[in-house]
Amino acid sequence: MKGYSRKDEGCPRLLDLIPKEKERLTKSAEEKKTRHGSSEEKQLELRLGPPNGDWTIKNKNISREKDHESLLPFGYFSPWSSSSGTTPFLQAHGQLKESSQPNPAKTAVPNSSSSSSSAQKRTAPTPVVGWPPIRSFRKNLANGSSSKPVSELQNAVGSKISSEKPIENSPKSLLVKINMDGVPIGRKVDLKEHDSYEKLSFAVDELFRGLLAAQSNFSAVGIKNDEDGGKAITGLLDGSGEYTLVYEDNEGDRLLIGDVPWHMFVSSVKRLRVLKSSELPTLSRGRKHGKLSLDTSPK
Amino acid sequence: MDPKLKKTKDSSSNSANSPDSTHSSFLFPDEVLERVLSLLHSHKDRSSVSLVCKDWYNAERWTRTKLFIGNCYSVSPEIVARRFPRIKSVTLKGKPRFSDFNLVPQYWGADVHSWLVMFAKVYPFLEELRLKRMTLSDESLKFLATSFPGFKALSLLSCDGFSTDGLKAIATHCKNLTELDIQENGIDDFGGGWLSCFSENCSSLEVLNFASLSSDVSFDALEKLVRRCKSLRILKVNKSISLDQLQQLLVQAPQLIELGTGSFQQELTPRQYEDLETAFSNCKNLQTLSGLWEATSLHLPVLYAACASLTFLNLSYATLRSDELAKLVAHSPNLRRLWVLDTVEDKGLETVGSSCPLLEELRVYPADPFELDLHHGVTEAGFLAVSHGCRKLHYVLYFCRQMTNAAVATIVQNCPDFTHFRLCIMNPGEPDYLTNEPMDEAFGAVVKTCTNLQRLAVSGLLTDLTFEYIGRYAKNLETLSVAFAGSSDRGMQCVLQGCPKLRKLEIRDSPFGNAALLSGVEKYETMRSLWMSACNVTMSACRLLAKDMPRLNVEVMRDEGSDDRQADKVYVYRSVAGPRRDAPPFVLTL
C-alpha cells in the first residue's frame, strides 16, 4: 500500500475512518467528479482532517489518538467496546437506509446515504492492507507492465514492504531505454552497473556500435575501425563526436548528459537518447538544475 | 529406528500360533506388508494406515518416501528424522496464507535452513524439495545444491529471502536437475546470469519455470539448454523472451506439454509471423499455455492451431478484451481450466460459456484492483453466463464489484458440483446491489446446494446468518476465508461447531471476539490452523486458550500503537514440537 511503512503490518480498522492524505484520495476525488450526483460534490471534496462522512477505511498506520472514537462518524463503536450487538457494517447500512440519522459527534451524513438502491457510485474506500486479496506480482497489470525488474515484497534483503504500489524499481538495477538516431531498434542499459558518465559512454558504444555499422554501410565521418567491424562511437559526452548522449528526465525534458552529479542523474533519468551532434542547439543545458556548468566531465 | 528392533518384530510376527499374537496382521510378513504399503502415495491414506497398529505404523514409516508437512511448525526436523528413515521428496509449507497479502511481517520465520541441515544428515539421497511460503537464503540454496548429489527437483512458490545468486548455485551444482520451478517469490533479481550456470552437460531438465523473474537471461544459453534437454515438457519463460526468440525455442522443443510464453508483443515480419504460427501448430502435445504478456489481437491468431488440444489456458497476465478472448476460446473447445483478467468483461465471459462446455475451473482476476469505477471488470452477469454454459464448473475464483443473491443462487443451481467457491466482492461489506440486502442468502445457497464444497471464501455484506448456514450445511468444508463479515461471536461459533472437516480457518476484520475464539477450544487440535486478525480478541482469552491446550501453539502479534490488551493478530495451530524456538520478538508465544 502506498506509503505503508514496513514496521507496521497492522490491518487497518474499518472503524478508523480518519482519511489519510494520499495519492489514492486524489485519484478517487477525481473519479468522483465525473460521477453523477452533483449534490454530492460538496461531500466529495478532498479534505484533510476529520472524516466528511465518507465510509472509508483507513490505513492503520496513523497513530491512534485516544479520542479517535470521537472522530468516527455513524456512531461506529470501537472494536474494543464489548457487546456491540451489530457490526459496524450493519450500522452503516442502517444509517444508509434511513439516511437521516443525526450523528451527535459528527459532521456530514454519509454521501451515499442519499442513494439507497439505484445509485451505483459508492464512496471510494481508501485502500486496505492486503485487500483485495491479490498477490503483489499480479498488481501492476493494468498499467501495461514495464520490463523493469520488480522487487517483490517480503524480500529479506531489505526492500520496503509496500503492498499495493504499482511497479516499483528494484533497488538493485535501473534499466532505462536508450535509442540512437538512425537505428530503429532500441536497447536497454542498466544504470546501476555503471557509476560514472564515462562508463555509461563506453556502454553505449558497446551497445550500438554493431547496430550502427549494420545500419549504415557508408559512414561519412569517422575513419576509425575496430576489429569487430564497427566504428567506435566516441565523444558522446563532450560534443566532439558525431553523436551526443542526452537524456529525458522525470519531467519530460531533454537534457545533456553530464551536468549534474551521477547519483542525481540516476535518480531523475527516465530514458536516454543518442542524437546526432548536429541537433544539439535545440537542447537545454542544465538550466533545470540551476547550473550553467561548462564542465561536462563526468564525476 | 533400529533395524534390529524391526527384525525382532519379524520373528514374533511370524509365529502366528503364538498365544500372544492376537492380530491377524501378524500372519503377514513385514516384507509383504511393506510391499503393499509402498504402493500407497496419498499422505492422508498413509496417515490412516499408520494409526491401525504398531506394525502398520512401522511398515508405513519405512515405506514412506514422500513427506508432506502442511505447517512447518507443527513438527520438528528431529521428530521427522526419527520417524521416517527413507525420504526422497519433501513438501514444506510455512507462513499463514494471509502473508501473501502482507498481513504477516517480514522475518516472521518459516526458515528452511534447519530442515535442510537435518535432511543433509538423514536423507542424503533427497531428490525433491517443494516449498511454499517459506523463507530461504542464498546460503540455504547453496547448501542444498552442494549437499545432495542426487538432487533433482526444486519448486519454490511464494517464498522469500533469496536472490538469483541462490539460483546460480542450484544451476551450477545440481548435475541431475530435472525440475526448477520458481514462482511468485520475494526474490531479489540480480540478473539472468543464473541461467547460464547450467553446465553444457546438463540435459536432464524436464521442467523449467522462470516466468516470474524479470531480468533478461542469455537467450543463447537458454536455447542451447532447451535443445539438449530432450525430455523438457514444461517450459515457462519470462517477459524478456521475445516472440521471435520464442519461435526458435519452440522449434527446438515441439514436445512441450506446458508452455509459458514471454512477451507477446513485437513487430514481426510476415515471415516471422508465419514461422511462429508454424511453430505453434507443430506443438501437438500442448495442454497448458500461459504467459502472453501484452498479447493483442495482432498476435493471438498464431495460437489458434495449438488451442485445440489445450486444457488449461492462463490469460491472467494478458489484458484481453472480450472480442480477443472470444476468438481464443472459440478455438479451445477442450478447455478445462481458464484464468483471465476482468478486462474481458461480462461479454467475454459469455463467450466462454458458449465455447467451453467442458470447463471445470474459472478464475477471473482484477486487472486494476483499486479501480473503483463500476463500469470496468465483471459483474454477476458474467458469472451467470459461464454457469449456464459450463455445467461442470467446480472451481471458481471470481473478483467483481457487484453481485446479487439471486445470481449466486442461480449459479449454484446450474453448477451444483462446486468444490471450491471463492467469491471476492472487492468493496468490503458490499450488499446485494439490487436489493441492498446482505449477501447471506447467496452463500446460504452455495452451502445448501454444493454438498461437496471443500473451500469457501466469502465477501460482501454478511451477517451471522451466513455462518449459521455454513455451520448447518457445509459438512465437507475444509477451508474457510472470512473478511469484513459477520455480526457477532455467534457467527464464528456456528462454523466451529458445525463444520466437522474444517482444517483451515482464516478471518480478518470481523467482529468475532473471545467467546468465539474460546468456543473452538476442542476444535483447534483437529485443524491445521486458525488465523484471526483485526477481530475482537484480547490477550487474556489467548492466554486462556494457550493454558488449556498445551498442544496448541498460540501466537500473537500486536500492532504498533495498539492497546496492550488487544490481540491484533492471532495464529493458533496444533503442534507436536512445542512452542517455536525461532520466534522473532514481535511474535508472542503464549
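Per chain, numbering begins at 1; letters A, B, ... match sequence-line order.
Closest heavy-atom contact between B:S158 and A:R135: OG-NH1, 3.8 Å. When all heavy atoms are compared, the tightest approach of A:V128 to B:F484 is CG1-CZ, 3.8 Å. When every heavy atom of B:F399 is checked against every heavy atom of A:P133, the shortest pair comes out as CZ-O, 3.6 Å. Taking every heavy atom of both residues into account, B:M426 and A:P132 meet most closely at SD-CG, 3.8 Å. Scanning both residues, A:V129 and B:L103, for their nearest heavy atoms gives CG1-CD2, 3.8 Å.
Atom CZ of B:R422 has more than 12 neighbouring heavy atoms from other residues, nucleotides or ligands inside a 6.0 Å radius. Within 6.0 Å of the CZ atom in B:F586, the count of heavy atoms belonging to other residues, nucleotides or ligands exceeds 12.
Annotation: ring pair (Phe, Tyr, Trp, His ring centres under 6.0 Å) contacts of A:H194 (sequence neighbours excluded): none. With sequence neighbours excluded, no residue satisfies ring pair (Phe, Tyr, Trp, His ring centres under 6.0 Å) with A:F208.
Taking OG of A:S136 as the reference point, atom CG of B:N102 lies at 7.0 Å (rounded to 0.5 Å). Atoms CZ and CG, on A:F137 and B:D100 in that order, are 8.5 Å from each other to the nearest 0.5 Å. Taken from SG in B:C424 to CH2 in A:W131, the straight-line distance is 4.0 Å, to the nearest 0.5 Å.
Using a 4.5 Å cut-off between heavy atoms, B:I425 contacts chain A through its backbone alone, with no side-chain atom that close.
Here the side chain of A:R138 pairs no donor or acceptor atom with the backbone of B:P366 at under 3.5 angstrom.
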